[in-house]
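Contents: one structure, followed by commentary.
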Amino acid sequence: MLIKETAKSAWRSLASNRLRTLLTMLGMIIGTAAVVAVLGIGEGARSSVEGRIRSLGANLLMVRPGSASASGVRSGTVKTLTEGDAEALKGLAGVAAVAPERSGSAQLRYMASNLNASVTGITPAYLEVRSLSVASGVSFSDLDEQQRARVVVLGANVARQLYAANVSASPLGTRLQINGNAFRVVGVLTEKGSGMGSPDDGVFVPMSTHRSVLFGQDHLSTISLQLASEDRSEVVIAQLEQLLRLRHRLRADQASDFEVRSQAEMLATMGQITGTFTMLLGSVAAVSLIVGGIGIMNIMLVSVRERTREIGVRMAVGARRGDILRQFLVEAVVVSLAGGVAGVGLGYGAAVLLSRFGEWATIVPPYAVGLALGVSILIGITFGVGPARRASRLDPVEALRFE
């Protein structure tokens, strides 16, 4: 009851000078809003990155050639992965599907349109492993692979750019040239969204055609594995490394000539990166909270001086020093907390507007609200205790004589 009455008294005192109270709260409002908005942007970025990584394939492992080194200096990739390696990996327990691929850059031409794009040789299992689907047309079949068919599936962006001059016409059935070789378009992939390595910017042909018609390379650029369960990823990685080292005849003292990347590892790495940036931006935004706290302390010191005679009267009628300390401390906390509540609302609104009009993915996590309000209370206590102690230590006689 004592705290309740003290809070009511503090609020009445603050309400008697609304403009000054509002200006005092302004620093806390801006600081809290900035923290909430930044945490919302950071959480949204983390969720967006996680969604895009997961969209690359469910329970995905990727095996890539390692880097060659000379005198301790890395100098490009080595050509060690083969189709035989991919076939051998199909026999591992816990592996649901395997999709080898070859990649290369080529010039595409359709009528007057020209485009340089990445051309990837794939097997029919590739779309399933990478969680891709065909928006129109069909994908490759085992027969296309066996016959080295000159057919192509286009990414959404590539199809849009090549056929920009005639958007009403469907790419299906048309013939385009890849490095001067004629190919028939049989399908267009469903759009996945922009990003590094997005299939929207890719062109896909049967692996046998990629080798024999376009680039003539025997080595693989990547082997993608879809796991039956994400829980067995560590076991599968250990078996995979043991099998490939045995196939590549590597001694125990030799480093592996390949690299294994798991979806979980990519998620953890990206989570650390986005978390670091969020903490950095949040720390910058938190500076305004400190500025707001300094403003609260300044106004409370002014309030102590203005109300010196009032303090003397209260002490004269029996108020103890603890009562005076508690009242001014509660006033500082009320100002800070009210500013924090208003700032949370403003920050949440800013996050929503950024998401709607700025095309930023924002998610305000519940802990951001609790953190903002908790910091607001802490700021009020930290910067309010000095003025409160000063008020409680006033001499009653001198305070009554103050004009």
Next item on the list: State which residues pass side-chain hydrogen bond (donor to acceptor under 3.5 Å, both in side chains) with Ser141; sequence neighbours excluded, sorted by chain then number.
Entry: Asp144

Check: Can you list the steps and then say if Leu108 with Val119 is a side-chain contact (heavy atoms from CB on, under 4.5 Å)?
Finding: CA-CA 9 Å; Leu108 277 65; Val119 179; 4.3 Å; yes

Item checked: Working for side-chain contact (heavy atoms from CB on, under 4.5 Å), residues Ser392 and Phe328 -> CA-CA 9 Å; Ser392 66; Phe328 280 88; over 6 Å; no

Check: Is it true that atom CZ of Arg390 has more than 12 heavy atoms of other residues, nucleotides or ligands lying nearer than 6.0 Å?
Finding: no

Pair up each side-chain donor or acceptor in residues 27-36 with any protein partner under 3.5 Å, not counting sequence neighbours, and list the distances.
residue: Thr32; atom: OG1; partner: Met28; partner atom: O; Å: 2.7

Next item on the list: Indicate yes or no: at least one non-hydrogen side-chain atom of Tyr110 is less than 4.5 angstrom from one of Val185.
Entry: no

Checklist line | Atom pair CG (Leu154) and CZ (Arg160), whose distance is rounded to the nearest 0.5 Å | finding: 12.0 Å

Next item on the list: Find out whether Glu83 and Pro100 are in side-chain contact, i.e. whether some heavy atom of one side chain is under 4.5 Å from a heavy atom of the other.
Entry: no

Margin query: For Glu234, I'd like to know if atom CD has over 12 heavy atoms of other residues, nucleotides or ligands within 6.0 Å.
Written below: no

Item checked: Inter- and intrachain pairs under side-chain hydrogen bond (donor to acceptor under 3.5 Å, both in side chains), touching residues 90-100, at least two apart -> Glu87-Lys90

Next item on the list: Inspect the surroundings of CZ in Arg247 and state if more than 12 heavy atoms from other residues, nucleotides or ligands are less than 6.0 Å away.
Entry: yes

Item checked: Results of side chain to side chain contact (heavy atoms under 4.5 Å, CB included) for Glu145 - residues two or more places apart only -> Pro206, Met207, Ser208

Check: Within a reach of under 6.0 Å around CD of Gln107, are more than 12 heavy atoms found that belong to other residues, nucleotides or ligands?
Finding: yes

Margin query: Assess, by modelled atom type and distance only, whether the side chains of Asp218 and Thr82 contain a donor and an acceptor separated by less than 3.5 Å.
Written below: no

Check: Which pairs, with at least one residue in residues 224-247 and sequence neighbours excluded, count as a ring-ring contact (aromatic ring centres under 6.0 Å, His included)?
Finding: none

Note to self: The criterion is side-chain hydrogen bond (donor to acceptor under 3.5 Å, both in side chains); which residues satisfy it with Thr174, sequence neighbours excluded?
What the structure shows: Tyr163

Next item on the list: Identify, with sequence neighbours excluded, every residue that meets side chain to side chain contact (heavy atoms under 4.5 Å, CB included) alongside Glu241.
Entry: Ile237, Phe258, Val260

Notebook entry, point to check: Should Leu371 and Leu39 count as side-chain neighbours, where that means a heavy-atom distance under 4.5 Å?
Noted result: yes

Next item on the list: Identify the two heavy atoms, one from Ile377 and one from Ser336, that lie closest to each other, and give their separation to 0.1 Å.
Entry: N-OG, 4.3 Å

Margin query: As an exercise, state the distance from OG of Ser118 to CG of Asp201, rounded to the nearest 0.5 Å.
Written below: 9.0 Å

Donor-acceptor contacts under 3.5 Å from residues 91-99 side chains, at least two apart:
none

Next item on the list: Can you see which heavy atom on Thr222 is nearest to which on Met62, and at what distance?
Entry: CG2-CB, 4.3 Å

Check: Yes or no on side-chain contact (heavy atoms from CB on, under 4.5 Å) for Leu60 and Arg130, after CA distance, side-chain angles and deciding distance?
Finding: CA-CA 8 Å; Leu60 187 66; Arg130 290 298 188 99; 4.1 Å; yes

Check: Does a sphere of radius 6.0 Å around CZ in Arg109 hold more than 12 heavy atoms from other residues, nucleotides or ligands, not counting ones at 6.0 Å or beyond?
Finding: no

Note to self: Checking Thr190 against Ser133: is there a side-chain donor and acceptor pair closer than 3.5 Å?
What the structure shows: yes

Notebook entry, point to check: Rounded to the nearest 0.5 Å, how far does CZ of Phe204 lie from OG1 of Thr123?
Noted result: 12.0 Å

Margin query: Can you tell me how far apart CZ (Arg245) and CG (Leu240) are? Round to the nearest 0.5 Å.
Written below: 12.0 Å

Margin query: So, taking the atom named CG in Leu176 and the one named CZ in Arg184, what distance separates them when rounded to the nearest 0.5 Å?
Written below: 11.5 Å

Check: Within a reach of under 6.0 Å around CZ of Arg389, are more than 12 heavy atoms found that belong to other residues, nucleotides or ligands?
Finding: no

Notebook entry, point to check: Hey, what do you get for OG1 (Thr382) to CD1 (Ile294), rounding to the nearest 0.5 Å?
Noted result: 12.0 Å

Margin query: Please enumerate all residues that pass ring-ring contact (aromatic ring centres under 6.0 Å, His included) together with Tyr348, with sequence neighbours excluded.
Written below: none

Margin query: Please check: side-chain N/O of Ser376 versus main-chain N/O of Ala372, any donor-acceptor pairing under 3.5 Å?
Written below: yes

Item checked: For Val134, side chain to side chain contact (heavy atoms under 4.5 Å, CB included) partners two or more places apart -> Leu127, Ser139, Leu189

Next item on the list: Take Val235 and Gln239, measure what side-chain contact (heavy atoms from CB on, under 4.5 Å) needs, and give me the verdict at the end.
Entry: CA-CA 6 Å; Val235 176; Gln239 295 176 347; 3.8 Å; yes

Next item on the list: Decide yes or no for Arg102 and Phe215: does some side-chain heavy atom of the first lie under 4.5 Å from some side-chain heavy atom of the second?
Entry: no

Check: Sequence neighbours excluded, which residues qualify as side-chain hydrogen bond (donor to acceptor under 3.5 Å, both in side chains) partners of Arg150?
Finding: none

Notebook entry, point to check: Can you name the nearest heavy-atom pair linking Ala159 to Pro171, along with the distance?
Noted result: CB-CG, 4.4 Å

Check: Ser212 and Arg148: which non-hydrogen atoms are nearest, and at how many Å?
Finding: OG-CD, 3.5 Å

Next item on the list: Please report the closest heavy-atom contact between Leu250 and Ala255, naming both atoms and the distance.
Entry: CD1-O, 3.9 Å

Next item on the list: With sequence neighbours excluded, tell me which residues meet side chain to side chain contact (heavy atoms under 4.5 Å, CB included) with Leu329.
Entry: Val385, Ala388

Checklist line | For Leu172 against Val188, the heavy-atom pair lying closest together | finding: CD2-N, 4.4 Å

